[in-house]
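Computed over heavy atoms, backbone and side chain alike; hydrogens, waters and symmetry mates excluded. Everything quoted here is computed from the prediction, not taken from an experiment. Here is the naming used below: chain letters follow the sequence lines, and residue numbers restart at 1 for every chain.
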Number of protein chains: 2
Amino acid sequence: MIRLLLAEDQSMVREALAALLSLEDDLDVVAQAARGDEVVPAAREHDVDVALLDIEMPGLSGLDAAAALRTACPGVKIVILTTFGRPGYLRRAMESGADAFLVKDAPAARLAEAVRRVLRGERVIDPVLAAAALADGASPLTAREREVLGAAADGVTNAEIADALHLSQGTVRNYLSLAIQKTGARNRAEAVRTARDKGWL
Amino acid sequence: MIRLLLAEDQSMVREALAALLSLEDDLDVVAQAARGDEVVPAAREHDVDVALLDIEMPGLSGLDAAAALRTACPGVKIVILTTFGRPGYLRRAMESGADAFLVKDAPAARLAEAVRRVLRGERVIDPVLAAAALADGASPLTAREREVLGAAADGVTNAEIADALHLSQGTVRNYLSLAIQKTGARNRAEAVRTARDKGWL
DNA sequence: CCTCCCCCATGACAGATGTCACGGGGGAGT
DNA sequence: ACTCCCCCGTGACATCTGTCATGGGGGAGG
């Protein structure tokens, strides 16, 4: 019997996935978590074989939870389950030591299949996403550029960014200009969007 | 036996919810839809009693699908199921003729309970959300203002909005200026954000 | 040592954005 | 008929944003 940990913040979705997985004869959901920081304690307590982690969770993101779990419980296999198939998410998931990466758009049968495959030592990754992740390459943004771009979301003004990061407004504009060029965007808003999509933030 | 239609774009979530609902003895998921525009045809074909509709769907939003279903099949009860508990969503759901409004954060048991209650003629609404919806009041935006503001997301330029809506750039700026004032924002980006939060888009 | 890159800043400039005043046209309600 | 309100447009203006040139300081590596 395969022992599963299921981490997902929306309880309706979490319980629904638990119901789905329980239909499989060889799977058993022995622990659930609604927050990222509950993952490691729950895994320790219930001695799980595989952890299914959503990315968007309060407390700690699924990616950070994966990294923490990898060091705390090296034997536990990790399956990342996410709404957004962003190449950067995939890259960071692999860097965090995940064994599988699934998007919620995929048919439900893939889930149980992925659990069994990671236990056989395989890695499960959507080939289309893998190609996109490799094609995008690593982030071209420097640390400061990323910081400034990240602070530029949702109509925050230059003066506010400058104030928050203790920079002059001119410097903020320079960094934003560079970030816009590197992302191939025409605005700060577009730059934020594509940087997020590629996982550069 | 209660016959259900389940509309949700993420197939893993959709199938998981179907598995969850099938655990109930008196419920039967007889139809599924992955797009908003599949809802009415599916409801017609399978003679359903209750439709569970996600809001964020391609093709047609769950709210628009609810309105279409209300006129096409007046006897079908409608349950809106959504990730975001925005007051404006609730208001528009009620205006579209929904019988219940649930957020995915709620425990899974609420779902089956809501289905049975709407069939008894009851309405199912989170009281906290209802209060927030009433407190916010109706949208102060006119139709055009809403349209222009909606097109202004993610760094779209004035010229592009004007082109898409067949307006002059000056008119676009005027509408955006009004929308910014009415939302209490300082930018188009902030205006889009708060309008979305309040469900005015 | 020299070179490269990153960090931070300033100044100048073009273009985009936000605000205001003003006007014409049309529908709805009184 | 009169009054609102919405629609759409123009012109003018101040401010914000994005780009470019330029330069000083500092760490890493050949």
Within this structure, what is the [atom1]-to-[atom2] distance between [X] and [N], rounded to whole angstrom?
X: A/Glu147; N: C/dC7; atom1: CD; atom2: C1'; answer: 12 Å
X: B/Ile180; N: D/dC16; atom1: CD1; atom2: P; answer: 13 Å
X: A/Leu178; N: C/dC8; atom1: CG; atom2: P; answer: 12 Å
X: A/Arg186; N: C/dG15; atom1: CZ; atom2: C1'; answer: 14 Å
X: A/Glu145; N: C/dC7; atom1: CD; atom2: C1'; answer: 10 Å
X: B/Asn187; N: D/dC16; atom1: CG; atom2: P; answer: 10 Å
X: B/Leu165; N: D/dC7; atom1: CG; atom2: P; answer: 12 Å
X: A/Tyr175; N: C/dC6; atom1: OH; atom2: P; answer: 10 Å

Practice item. Ignoring backbone atoms, establish whether A/Arg144 has a side-chain N or O less than 4.0 Å from OP1 or OP2 of C/dC8. Key: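 So the side chain of A/Arg144 is within the cut-off, an N or O lying under 4.0 Å from OP1 or OP2 of C/dC8.
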
Review point. Counting only side-chain N and O atoms of A/Arg188, is one of them less than 4.0 Å from OP1 or OP2 of D/dG18?
Key: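 So the side chain of A/Arg188 is within the cut-off, an N or O lying under 4.0 Å from OP1 or OP2 of D/dG18.
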
Could you tell me whether [X] and [Y] make a salt bridge, using a distance below 4.0 angstrom between a side-chain N and a carboxylate O?
X: A/Glu147; Y: A/Arg144; answer: yes
X: A/Arg70; Y: A/Asp99; answer: yes
X: B/Asp54; Y: B/Arg14; answer: no
X: B/Glu190; Y: B/Arg193; answer: no

Expected output: side-chain [X] to main-chain [Y] donor-acceptor under 3.5 Å:
X: B/Ser61; Y: B/Glu56; answer: no
X: B/Ser96; Y: B/Ala98; answer: no
X: B/Lys182; Y: B/Pro140; answer: yes

**Study point:** Separation of A/Leu4 CG from A/Met1 CE (nearest 0.5 Å)
**Key:**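 One gets 9.0 Å once the value is rounded to the nearest 0.5 Å.
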
Practice item. Looking only at side-chain atoms of A/Ser177, point me to the closest of D/dT19, C/dC7, D/dC7. Key: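 Among the listed nucleotides, the one closest to the side chain of A/Ser177 is D/dT19.
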
Review point. For residues 152-163 of chain B, which residues have at least one heavy atom under 4.0 Å from DNA chain C?
Key: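 Within residues 152-163 of chain B, the residues near DNA chain C are B/Thr157, B/Asn158.
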
Check your understanding: Would one find more than 12 heavy atoms of other residues, nucleotides or ligands at under 6.0 Å from atom CG of A/Asp26?
Key ->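 Atom CG in A/Asp26 is packed in, count exceeds 12.
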
Review point. Around atom CZ of A/Arg110, are there more than 12 heavy atoms of other residues, nucleotides or ligands at under 6.0 Å?
Key: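 Atom CZ in A/Arg110 is not packed in, count stays at 12 or less.
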
Review point. What's the shortest heavy-atom distance between B/Ala179 and B/Leu149, and which atoms?
Key: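 Result for this residue pair: CB-CD2, 4.2 Å.
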
Please write out each protein N/O paired with an N/O of nucleotides 9-13 of chain D under 3.5 Å, distance rounded to 0.1 Å.
from	atom 1	to	atom 2	distance (Å)
D/dG9	OP2	B/Ser168	N	2.9
D/dG9	OP2	B/Thr171	OG1	3.2
D/dG9	O6	B/Asn174	ND2	3.4
D/dT10	OP2	B/Ser168	OG	3.2
D/dT10	O4	B/Asn174	ND2	2.9
D/dA12	N6	B/Arg173	NH2	3.2

Exercise for review: Report the end-to-end axis angle of the helix from C/dC1-D/dG30 to C/dT30-D/dA1; each axis comes from five terminal pairs, and the value is rounded to 10°.
Suggested key: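 Axis-to-axis angle, ends of the helix: 30°.
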
